[in-house]
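Note on naming: letters A, B, ... go to the chains in the order of the sequence lines (proteins, then strands), and numbering restarts at 1 for each one. Note that the structure is a prediction, hence the values are computed from the model and not measured.
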Amino acid sequence: MFRSIECGEINSQHIDQSVTIAGWVHRRRDHGGLIFIDLRDSKGIVQVVINPENGTDLHNIGEKLRNEWVVQISGTVQSRPAGTINPEMITGEIEIDAKNITILNQSETPPFYINDEKIEIDELLRLKYRYLDIRRPKMNNALKARHKVVKFIRDYLSDQGFLEIETPILIKSTPEGARDYLVPSRLYPGNFYALPQSPQQLKQLLMVGGIEKYFQIARCFRDEDLRADRQPEHTQLDIEMSFIDQEDILNLIEDLYVNIIEQLFPNKNILNPFPRLTYKESMLKYGTDKPDLRFDLTFIDFSDIASKTDLLVFKSTIEQNGIIKGFTVPNGASLSRKKIDALTKFTISKGAKGLITIGLIDDDTIKFDKLEISNFKSNISKFLTLEQLRDISRKGNAKKGDLILIVAGPEKTTNASLSALRNKLGEDLSLADPNMLAFAFVVDFPLFDYNEDEKRWDATHHPFTMPKEEFQGLIETDPGAVIANCYDLVCNGEELASGSIRNHDFELQSKIFNILGYTDEQIDLRFGQLVNALKYGAPPHGGIAPGIDRLLMLLTDSNNIRDVIAFPKTQNGIDPLFESPGPVDYEQLNELNISINTTKEES
RNA sequence: GGCCCCGUGGUGUAGCGGUUUAACAUACUGGCCUGUCAAGCCAGAGAUCGCCGGUUCAAAUCCGGUCGGGGUCGCCA
């Protein structure tokens, strides 16, 4: 037996007991006589005292010990002498009086501090020595949190009658969507498996198979460029159910998430019930389909007032069917000229042509019908009448000291830039409660999305999404107007989950493939297995797929996805620890009938 | 593919044309030290400033390129 108890579990109830512990030397304090060792294991840290009175051999070992050496120590638990209790430590009331120390392993000096997390270490170095990084409490705790959440999900869904079913990692490439990772087949030269971008078709086939309630903690692979919240392989909670409607799925997810937060992360605040907003509403009020609802700042449409002005920007925007909207920043008028310039620059960098700012200068006597031109500090005040400025303030619900920000331009870029500006102000002005997790459902997405570049309709969610019944007559006549049984879970400005009710009817599914412009051959090649299955009594079904990594990011206050993954890749898709991807032997390639074209690419 | 930021002892930073033999903290090595807990004190070792090229009498410092890391747009049904 290596140990009788774990370091973090020892407390004053164990005083006078003999214990054996094992772990890493977290810190050593050598006083020449007494030597203190902080010993760390996965449960915590406990102080060990090496007293020279307990023997010279023991003391000699204590002098040799260094950080991160692995040792086994047996001794007696004793209360610390008066005045030496450390209230900062969970085990600070007691210590281990060492009687025997065995060195289990030595360690070279680590390339970075394991016992000090105040210093931020270069992430490349952390990844190269990930096994040491994982020893540090931050990573260690993130992985523990991850386990707890996944276990909770498994228990919760199992209790509700869900079956966890594994689906293949080696499947078939179904182009469209993201780029596939490919795996060459040895037995069929020139043919490839693809790693699944998600188990989408498989879980629908499970529904046709009569499973009714399926889930999987599923790894998904997409060969696309990375971001702070994207990895080439990420984990989804994949869920699919039969004989249900949208409401059943939203209620299930809401209850699951509320329980995860309340039971595992009680220090987090949530909006309960989760607010629901339609896609249209979300775009109008926040300019995005993943609004950060931790703070207010909702958008206001100023186009009616703008249409009456002589300002050229407004006129041309209206002529070109653009939009003019903005929002009021409480107490924003006090922002310095420099800060406002920076906001303008930021907004332009996000695609806007400019930023209109109207500050209501602080004045105790302010009343909207009596606002004078001197109350307005604005880059457009000389182009508007006093009455127009008053109208804008009134519509923007602005009070003295507030700042109104307006962008005019094409709908898409205006929404995108204003939304980015809103998020930036939320952060800059600390408008969000840092412990708030503002979950919300966004529903009623359009079924199709017009692709300007390729002059055709794309599926907003995916091609299997079912249109709402009342819109099914419009599929062929007005595809853009069709609303889908499709929904997202968002939180703090992140998309956390996406799902839909699927088409279980072959005819309806075929109609949609038609609008998407697939030929019969393409349908057969990519979706043949699913389309055929629909012919054999496919039940009504639907599902959702919440991202596990992004949820963990929010739960652990991480600002990047790599911090909740044990062995992630860099932004260029490299694993610095294994140095993957790497070359393979000629024999391996030969077996796969693959030859490498080593001609250097031009440019 | 575009744009932005970063690269200096093991780690984290300072230095931003000559005052530098590149500074500071910490880690590391050795010594002293019996109640510390980021222990303390003393001494020591450790960097050709990511790489290549250019400008200059002189480059860590300025310029160009390149490599690597991060962020972001495109992309991610």
What integer distance in Å separates A:Ile50:CD1 from B:rU36:P?
17 Å

Base, sugar-phosphate or nothing for A:Leu516? Non-hydrogen atoms, less than 4.0 Å.
nothing

Does B:rA23 pair with anything, Watson-Crick or G-U wobble, both distances under 3.5 Å, and if so, with which nucleotide?
B:rU13

Please indicate yes or no: is the ring centre of A:His31 less than 5.5 Å from the centre of the six-membered base ring of B:rA39, with the two planes inclined by under 30 degrees?
yes

Whichever of A:Asp38 and A:Glu63 has its nearest RNA chain B nucleotide further upstream toward 5'
A:Glu63

Mind checking A:Asn67 for me? I need base, sugar-phosphate or nothing, with any heavy atom below 4.0 Å counting as a touch.
sugar-phosphate

Atom C1', compared across B:rC3 and B:rG9: separation rounded to whole Å
34 Å

Between A:Asp38 and A:Arg27 (salt bridge meaning N to carboxylate O under 4.0 Å), is one present in this structure?
no

Determine: side-chain N/O of A:Arg66 to OP1/OP2 of B:rU29, distance under 4.0 Å, yes or no.
yes

Say you draw a straight line from NE2 of A:His59 to CD1 of A:Ile50; how long is it, rounded to the nearest 0.5 Å?
7.0 Å

So, is A:Arg227 near the phosphate of B:rC73, with a side-chain N or O under 4.0 Å from OP1 or OP2?
yes

So A:Pro111, base contact, sugar-phosphate only, or nothing? Heavy-atom distance under 4.0 Å.
sugar-phosphate

Minimum-distance nucleotide (side-chain atoms of A:Pro81 versus B:rG35, B:rG12, B:rG71):
B:rG35

With distance as the sole criterion, is a donor-acceptor pair present between the side chains of A:Lys99 and A:Thr76 under 3.5 Å?
yes

Any luck finding a side-chain donor-acceptor pair between A:Asp180 and A:Gln197 under 3.5 Å?
yes

Say you pick atom C1' in B:rC41 and the same atom in B:rU20; how far apart are they, in whole Å?
29 Å

Quick one: label A:Asn572 by what it contacts on the DNA or RNA (base, sugar-phosphate, nothing), any heavy atom closer than 4.0 Å.
sugar-phosphate

Would you call A:Phe36 stacked on B:rU36, i.e. ring centres under 5.5 Å apart with the planes less than 30° off parallel?
yes

Quick note, A:Glu95 side chain, CB onward, closest among B:rG69, B:rG71, B:rG35 is B:rG35

Under the 3.5 Å rule, do the base of B:rG10 and the side chain of A:Tyr129 count as making a donor-acceptor pair?
no

Sticking with atom C1', work out how far B:rA39 lies from B:rA27, rounded to a whole angstrom.
15 Å

Rounded distance (Å) that lies between atom C1' of B:rC3 and atom NZ of A:Lys345
12 Å

Looking across every strand, which nucleic acid part, if any, lies under 4.0 Å from A:Glu120 by heavy atom: base, sugar-phosphate, or nothing?
sugar-phosphate

Closest listed nucleotide, where the reference is the side chain of A:Asp30 and the choices are B:rG69, B:rG35, B:rC33
B:rC33

Gap in Å between the two P atoms, one belonging to B:rG64 and one to B:rC28, rounded
42 Å

Phosphate-side-chain proximity, A:Asn115 and B:rA27, N/O vs OP1/OP2 below 4.0 Å:
no

Should A:Arg222 be listed as having a side-chain N or O under 4.0 Å from OP1 or OP2 of B:rC75?
no

Under 4.0 Å between a side-chain N or O of A:Arg29 and OP1 or OP2 of B:rA39?
yes

Name the nucleic acid region contacted by A:Thr174, choosing base, sugar-phosphate or nothing; use a 4.0 angstrom heavy-atom cut-off, strictly under.
nothing

May I ask which nucleotide in the shown strands pairs with B:rC76, Watson-Crick or G-U wobble, both distances under 3.5 Å?
none

Closest to the side chain of A:Gln571, out of B:rU72, B:rC37, B:rG35, is B:rU72

Just to be sure I understand the rule, does A:Glu88 reach a base, reach only the sugar-phosphate, or reach nothing, if contact means heavy atoms closer than 4.0 Å?
nothing

I want to confirm an ordering. Mapping A:Gln201 and A:Ile121 to their closest nucleotides on RNA chain B, which one lands closer to the 5' end?
A:Ile121

Give none if B:rC41 has no partner; otherwise give the nucleotide forming a Watson-Crick or G-U wobble pair with it, both distances under 3.5 Å.
B:rG31

Presence of A:Thr109 side-chain N/O under 4.0 Å of B:rA27 phosphate oxygens OP1/OP2:
no

Between atom CD in A:Glu494 and atom C1' in B:rC76, what is the gap in whole Å?
14 Å

Do the side chains of A:Ile85 and A:Ile94 get nearer than 4.5 Å, heavy atoms only?
no

Considering just the side-chain nitrogens and oxygens of A:Arg562, establish if one lies under 4.0 Å of OP1 or OP2 belonging to B:rG71.
yes

Pick the P atom in B:rU8 and in B:rA60, then give their distance to the nearest Å.
15 Å

Respond yes when some side-chain nitrogen or oxygen of A:Gln47 is under 4.0 Å from OP1 or OP2 of B:rU36, and no when none is.
no

Could you work out which one of B:rC76, B:rU36, B:rG70 sits closest to the side chain of A:Glu123?
B:rG70

Tell me if the aromatic rings of A:His234 and A:Phe221 count as close, with their centers under 6.0 Å from one another.
no

Once rounded to the nearest 0.5 Å, what's the spacing between atom CG of A:Leu552 and atom CG of A:Asp549?
7.0 Å

Take atom P in B:rC24 and the same atom in B:rC16, then report the distance between them in whole Å.
16 Å

Between A:Gln204 and A:Glu240, do the side chains contain a donor N or O and an acceptor N or O under 3.5 Å apart?
no

Confirm from the modelled atom types if A:Asn560 and B:rG70 form a donor-acceptor pair under 3.5 Å, side chain to base only.
no

Distance test, side-chain N/O of A:Asn51 to OP1/OP2 of B:rU34, below 4.0 Å:
no

To the side chain of A:Thr84, which of B:rC37, B:rG70, B:rA27 is closest?
B:rC37

Considering just the side-chain nitrogens and oxygens of A:Arg27, establish if one lies under 4.0 Å of OP1 or OP2 belonging to B:rA27.
no

Taking atom P in both B:rG12 and B:rG18, what distance in whole Å separates the two?
26 Å

Return yes if a side-chain donor-acceptor contact under 3.5 Å exists between A:Arg29 and A:Gln47, otherwise no.
yes

Sticking with atom C1', work out how far B:rC63 lies from B:rG71, rounded to a whole angstrom.
26 Å

Any strand is fair game: report the nucleotide pairing with B:rG64 by Watson-Crick or G-U wobble, both distances under 3.5 Å, or none.
B:rC52

Taking the minimum atom-to-atom distance to the side chain of A:Pro463, which one of B:rA77, B:rG68, B:rU36 wins?
B:rA77

Looking at residues at least two apart in the chain, or sitting in another chain, which of them share a side-chain hydrogen bond (donor to acceptor under 3.5 Å, both in side chains) with A:Asp488?
A:Ser498

Mind calculating the distance between NZ (A:Lys64) and P (B:rG31) to the nearest angstrom?
14 Å

What is the nucleic acid contact for A:Asp225, judged by heavy atoms within less than 4.0 Å: base, sugar-phosphate only, or nothing?
base

